[in-house]
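A quick note: this is a predicted structure, and the numbers were derived from the prediction, not measured. Convention: sequence-line order gives letters A, B, ...; per-chain numbering from 1.
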Number of protein chains: 2
Amino acid sequence: MNQQSRPAPVQTEGVTETLCRWIVSLKGADIPAEVRREGLRTFVNWLGCAVGGARHETVDRALAATLPFSGPATSGVLGRTERLDALHAALVNGISSHVLDYDDTHLKTIIHPAGPVASALLALAERQPISGEDFLTALIVGIEVECRIGNSVYPAHYDRGWHITGTAGVFGAAAAVGKILGLDETRLAWAMGLAATQSSGLREMFGTMTKSFHPGRAAQNGLFSALLAEAGYDSSLRAIEAPRGFANVLSEKQDYAEITEGLGTRWESALNSYKPFACGIVIHPTIDGCLQLREELGARVGEIEAVELRTHPLVLELTGKRSPRTGLEGKFSVYHSAACALLRGDGAPTAFTDEVVNLPELVALRDRVTAVADPACHEAAVDIAVTFADGSRVTKHVERAIGSRERPLSDAEIEHKFRVQSGLVIGDEAAARLLDLAWRLESLADSGEVARMAMAG
Amino acid sequence: MNQQSRPAPVQTEGVTETLCRWIVSLKGADIPAEVRREGLRTFVNWLGCAVGGARHETVDRALAATLPFSGPATSGVLGRTERLDALHAALVNGISSHVLDYDDTHLKTIIHPAGPVASALLALAERQPISGEDFLTALIVGIEVECRIGNSVYPAHYDRGWHITGTAGVFGAAAAVGKILGLDETRLAWAMGLAATQSSGLREMFGTMTKSFHPGRAAQNGLFSALLAEAGYDSSLRAIEAPRGFANVLSEKQDYAEITEGLGTRWESALNSYKPFACGIVIHPTIDGCLQLREELGARVGEIEAVELRTHPLVLELTGKRSPRTGLEGKFSVYHSAACALLRGDGAPTAFTDEVVNLPELVALRDRVTAVADPACHEAAVDIAVTFADGSRVTKHVERAIGSRERPLSDAEIEHKFRVQSGLVIGDEAAARLLDLAWRLESLADSGEVARMAMAG
């Protein structure tokens with residue numbers, strides 16, 4: 001019965017209320033320059049991933065199911081020729097941006113923050129003009145909201161089995177779109193309530209196409225939540241903290257200070273990180289070290305007799321595939337990854353195709369890579385020893401892999417990542433033009449321009 | 001990381017696999033006649049509720065948000081003139097069927113089973129012809145699936161704060177549509193996986209428009225899950241029982257025998273019940289008894305001096321509103337409900353309008369109704385004592401209220417309920433024609449005919 005479950009009257013200002021008040025009152029100028037800069041890097045990285053994933057069969061199948069139901073085709077599917085209504089475009093672009101497991105990571109929660117938020121905003125930006133400045137402000141707001149909500153329940157929530165990118169992402173998308181729509185505090189709280197009641201995504205789906213469905217659906221559901229609230233569709237005003245609200249129902253841990261404290265001074269969105277390599281993060285130190293060795297060895301990489309790795313045990317547990325046959329299996333093979341970095345200098349999606357994984361010279365070197373698990377070696381580190389025919393050895397120690405908070409990707413490295421993956425889909429020239437436009441987001445009168453230029457053909 | 005969370009290889013046949021195998025192999029003729037009859041009663045009751053709720057402002061606002069994004073408008077909004085794509089129609093009709101809290105109830109789980117399943121099926125039936133016979137078979141399959149999954153986690157799942165009509169309903173909709181689409185076992189399991197990963201709906205939303213959103217979104221998400229699976233979008237094959245699957249993540253209780261045992265012999269769908277009155281079930285014994293007294297007293301109801309109720313304490317806790325001012329408040333007033341049943345013989349939505357709640361003669365009698373909470377009185381019972389000016393008393397004891405499993409609504413009572421609520425929306429003549437057509441569902445070559453006739457104007 002309804003009233004049986006109504007929460008007790010709020011005694012003090014609620015968590016949802018505090019968060020919504022901050023979102024409504026925030027102005028773009030209140031966001032520090034370095035935070036806006038990280039937001040722009042997040043946008044560029046997300047755009048490259050969304051274009052880069054566009055040709056994956058996961059996207060083909062999502063499109064096959066959505067096209068027959070699409071409304072006014074206002075919004076483009078990035079990296080492709082199809083257009084969809086804004087809600088479905090948010091879904092498909094969110095899927096595309098995550099399908100290569102190459103997107104951004106908020107390391108404290110393992111949330112991939114951009115997918116749910118940017119996918120919703122850019123789809124909406126083609127329906128109603130949004131200035132680049134407002135777009136970036138809303139993107140940062142959305143990421144701030146989802147990461148703070150994630151912090152409040154992580155790790156208990158994730159350990160229970162929730163895919164936090166989906167469960168927290170829907171709040172970020174709703175907040176970002178609510179900011180763009182100019183919702184007042186009450187309507188924004190309704191949008192958060194509608195987001196909370198759609199918060200979902202199970203880790204059981206990892207390893208299937210449904211994993212990528214999570215950020216996509218979070219984008220679509222968050223966008224729809226804000227649109228419903230704008231239309232006056234009401235909801236709870238305390239969806240995050242109520243006894244039967246999000247945090248209590250979906251988590252054993254609730255640390256609301258993570259949501260309400262330091263708003264506007266501590267920026268979770270500025271802690272975002274970007275994957276340099278298109279595979280599980282535990283292999284990154286190995287690829288990083290092998291790329292450095294390749295630089296130092298020059299032509300001698302062709303004379304390598306054997307490669308020995310000393311890694312954290314988790315590396316072999318998760319990516320110990322000895323003889324991968326497909327590109328996907330290659331992502332779970334530290335042996336292939338090391339050989340490919342040494343011989344081809346590659347850790348991008350191009351390193352994990354069926355063709356490359358089966359190249360004879362790569363297979364030959366891969367079979368001469370050995371790995372030892374050493375509990376004393378931490379996850380972000382690796383020791384690599386390369387032996388040559390003449391018996392000489394060269395070693396390389398990586399303490400913190402590229403892409404970690406200690407060694408963030410430079411703008412140039414983000415650009416390289418962008419060019420490689422999106423060039424494969426829309427061509428190098430178009431990729432270069434798109435990259436240039438993306439960096440200029442804040443100066444654009446209509447951010448939808450980015451989506452139009454990101455389409456194929 | 002993906003592979004980190006992959007379930008161990010399945011050793012024995014899984015719960016999801018067993019359920020999907022049964023769904024795929026089931027033929028309409030395998031369903032006993034009395035089960036099909038209860039399914040038909042469920043359909044008629046649902047249709048009346050969907051039409052009856054169509055003019056609620058909750059539906060107005062849902063439509064305002066969805067119409068701008070609607071795809072090919074194949075499917076009608078019941079009780080209205082608007083048409084939407086099948087996905088959005090499933091959403092809005094699901095909202096409409098629940099918004100008056102007048103729909104069906106699977107009493108073991110408090111699931112309102114028809115909303116998620118019938119809303120998805122009828123919206124699809126206008127997009128692709130579905131015979132009435134196949135429609136009824138799929139409806140029964142969907143209700144069987146959602147109630148069995150509900151049984152497996154109830155009450156722990158509900159107690160945690162999940163609105164089980166939404167969380168279990170999405171499986172029912174996916175199963176029913178999957179049956180219509182003829183999905184094989186693998187694709188049907190994918191559909192269940194996509195449903196599981198969208199399973200959501202928080203009890204915190206009770207008392208807001210978002211409560212009705214749950215059956216609507218479950219219908220839409222279940223329909224979309226089956227369409228994605230049909231398009232080859234893959235998912236987990238053991239979404240219900242996997243370590244990080246539905247039952248383990250969303251509940252502390254997992255009783256899989258409730259899902260897998262007695263399939264085809266024990267029918268949960270045949271246990272469905274229908275609300276005789278448009279208000280919380282705890283007031284039903286009082287309204288039932290007052291309606292019986294009205295019959296017995298005839299003209300003397302006008303001479304009633306006082307009414308004394310002896311009820312279960314929960315009745316006053318939940319519906320003790322002494323002086324309701326609005327129709328909605330009237331639903332939470334056992335005093336108004338008793339007076340309205342005695343004076344007007346009404347417990348339908350017509351008894352809970354702002355106008356009726358404020359009628360002077362009703363207010364006058366309402367103020368002479370007293371109620372005593374008696375822990376010895378069980379929830380389905382009530383003692384009513386009516387006193388007249390001459391001091392004479394008439395008493396009525398109700399042991400099991402009409403609408404309970406012990407005293408199910410007759411077909412005639414379901415018809416009366418249907419006529420009253422849908423007549424208010426589409427007119428009495430159209431309601432009578434629609435009722436006649438709905439009873440003939442199994443004989444229809446195209447069940448979409450029902451939706452077309454259920455539209456307004």
Which atom pair, heavy atoms only, marks the closest approach of [X] to [Y]?
X: Gly193(B); Y: Met205(A); answer: O-CE, 3.4 Å
X: Ala64(B); Y: Ala231(A); answer: CB-CB, 4.2 Å
X: Ser200(B); Y: Ser199(A); answer: CB-O, 3.9 Å
X: Gly232(A); Y: Met209(B); answer: O-SD, 3.9 Å
X: Leu227(A); Y: Ala65(B); answer: O-CB, 4.0 Å
X: Arg127(A); Y: Pro68(B); answer: NH2-CB, 3.1 Å

* Asked: Just checking, any donor-acceptor pair under 3.5 angstrom between side chains of Arg160(B) and Asn248(A)?
  ->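 Note: Arg160(B) and Asn248(A) side chains miss the donor-acceptor criterion.
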* For Thr210(A) and Ser235(B), does a side-chain donor sit closer than 3.5 Å to a side-chain acceptor? ->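 The answer is yes; a qualifying pair exists.
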* Given Glu204(B) and Ser236(A), is the side chain to side chain donor-acceptor pair (under 3.5 Å) satisfied, shown in steps? -> CA-CA 7 Å; Glu204(B) 163 62 15; Ser236(A) 166; 2.5 Å; yes
Is any side-chain heavy atom of [Y] closer than 4.5 Å to one of [X]?
X: Trp162(A); Y: Arg244(B); answer: no
X: Asp60(B); Y: Tyr233(A); answer: no
X: Leu250(B); Y: Leu202(A); answer: yes

* Side chain, backbone, both or neither: which part of Leu67(B) has an atom under 4.5 Å from a heavy atom of chain A? ->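 The answer is neither part of Leu67(B).
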* Mind telling me whether Phe224(A) and His88(B) have parallel, tilted or perpendicular rings, with 30° and 60° as the class edges? =>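 It falls in the tilted class, 30° to 60°.
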* His214(A), Arg217(A), Arg203(A) screened by side chain to side chain donor-acceptor pair (under 3.5 Å) with Thr197(B), the one that passes ->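 For Thr197(B), the side chain to side chain donor-acceptor pair (under 3.5 Å) test succeeds with only one of His214(A), Arg217(A), Arg203(A), which is His214(A).
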